[in-house]
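This report concerns only the one structure given below.
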Amino acid sequence: MSLSIRKKVLIALGAPALFALGAATAMALVPSISVVPLLETTKTIVGEPIVYPTGAPAKITASIINVSPGAATGWHKHGVPLVGLIMEGELTVDYGSKGKRTFKQGQAFAEAINETHQGTNNGTEMVRLFVVYMGAEGLPSSIPEKAPE
């Protein structure tokens, strides 16, 4: 009789452990979600405060910009806030008197808004840049400019 009590005790104690092991195994098989913060800022890469355009309906534009080896974007400014993420390659951006910065794969940045700048692919691989412009209806996302003196 004491053997059957022992069995009952082992079953009573072992069942929750086996259930927990099974549940943990099942949870490991369930897809999960993770969030990897890329950027959180109130200023652009050259220190400008980020200010959203007003006076027109808001407009968000997302683009992938491909820059071939040796190619440059041309001198420009934006007039609207934007965030860039280098998906592939390396892009060097010349901000004139504010200096040059090189952005590498996986790097995110809040681009200069009212500072004239030019991005150049000095590497041997294609640069793929994911950009999100936070503008307004009727405002261009990029404005051509003359090179700074």
Side-chain angles (χ1 to χ4, degrees), residues 10-149:
L10 286 173
I11 291 171
L13 293 175
L18 288 174
F19 177 76
L21 179 61
T25 303
M27 290 298 289
L29 300 175
V30 174
S32 64
I33 296 172
S34 72
V35 175
V36 178
L38 297 174
L39 177 69
E40 185 175 318
T41 185
T42 60
K43 296 184 186 284
T44 70
I45 196 72
V46 295
E48 302 165 292
I50 296 173
V51 179
Y52 297 109
T54 59
K59 177 181 172 185
I60 293 176
T61 303
S63 302
I64 293 180
I65 300 168
N66 297 305
V67 184
S68 297
T73 61
W75 290 95
H76 63 282
K77 65 180 182 179
H78 295 287
V80 300
L82 66 137
V83 172
L85 170 68
I86 303 293
M87 297 169 57
E88 293 176 25
E90 214 173 90
L91 186 69
T92 299
V93 183
D94 184 345
Y95 296 99
S97 65
K98 302 271 183 176
K100 291 183 182 180
R101 291 177 178 78
T102 299
F103 301 101
K104 299 178 181 194
Q105 183 175 343
Q107 213 171 351
F109 56 98
E111 182 58 288
I113 300 170
N114 292 307
E115 287 289 332
T116 300
H117 58 279
Q118 174 174 260
T120 304
N121 180 351
N122 294 317
T124 58
E125 302 175 21
M126 177 72 75
V127 169
R128 290 177 41 94
L129 172 64
F130 176 69
V131 179
V132 177
Y133 301 92
M134 293 154 282
E137 283 291 332
L139 292 179
S141 56
S142 189
I143 304 161
E145 292 282 310
K146 292 181 181 177
E149 296 180 22

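Small disclaimer: the values here were computed from a predicted structure and weren't measured.
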[X] and [Y]: which non-hydrogen atoms are nearest, and at how many Å?
{"X": "Met134", "Y": "Val132", "answer": "CE-O, 3.8 Å"}
{"X": "Ala136", "Y": "Pro53", "answer": "CB-CB, 4.1 Å"}
{"X": "Pro148", "Y": "Thr116", "answer": "CD-CG2, 4.2 Å"}
{"X": "Ala110", "Y": "Thr41", "answer": "CB-CG2, 3.8 Å"}
{"X": "Ala112", "Y": "Leu82", "answer": "O-CD2, 4.3 Å"}
{"X": "Leu139", "Y": "Val80", "answer": "CD1-CG1, 4.1 Å"}

Does [X] have any side-chain contact (heavy atoms from CB on, under 4.5 Å) partners at least two apart in sequence or in another chain, and if so, which?
{"X": "Ala147", "result": "Trp75"}
{"X": "Ala58", "result": "none"}
{"X": "Thr44", "result": "Val46, Glu48, Ile50, Ile113"}
{"X": "Glu90", "result": "Thr102, Lys104"}

Can you tell me how far [atom2] of [Y] sits from [atom1] of [X], rounded to the nearest 0.5 angstrom?
{"X": "Phe109", "Y": "Leu39", "atom1": "CZ", "atom2": "CG", "value": "9.5 Å"}
{"X": "Ile64", "Y": "Leu129", "atom1": "CD1", "atom2": "CG", "value": "9.0 Å"}
{"X": "Ser63", "Y": "Phe130", "atom1": "OG", "atom2": "CZ", "value": "8.5 Å"}
{"X": "Arg128", "Y": "Leu91", "atom1": "CZ", "atom2": "CG", "value": "14.0 Å"}

Flag, side chain of [X] to backbone of [Y], donor-acceptor distance under 3.5 Å:
{"X": "His76", "Y": "Glu145", "value": "no"}
{"X": "Ser142", "Y": "His78", "value": "no"}
{"X": "Asp94", "Y": "Lys100", "value": "no"}

Q) Does a side-chain heavy-atom distance below 4.5 Å link Ile45 with Phe103? A) yes
Q: Measure the shortest side-chain to side-chain distance between Pro69 and Glu125 over non-hydrogen atoms and say whether it is less than 4.5 angstrom.
A: no
Q | Heavy-atom neighbours of Ile60 CD1 exceed 12 at 6.0 Å | A | no
Q) More than 12 non-hydrogen atoms from neighbouring residues, nucleotides or ligands closer than 6.0 Å to CD on Glu40, yes or no? A) no
Q: With sequence neighbours excluded, tell me which residues meet side-chain hydrogen bond (donor to acceptor under 3.5 Å, both in side chains) with Tyr95.
A: Glu111
Q | Residue pairs involving residues 49-61 (criterion side chain to side chain donor-acceptor pair (under 3.5 Å); sequence neighbours excluded) | A | none
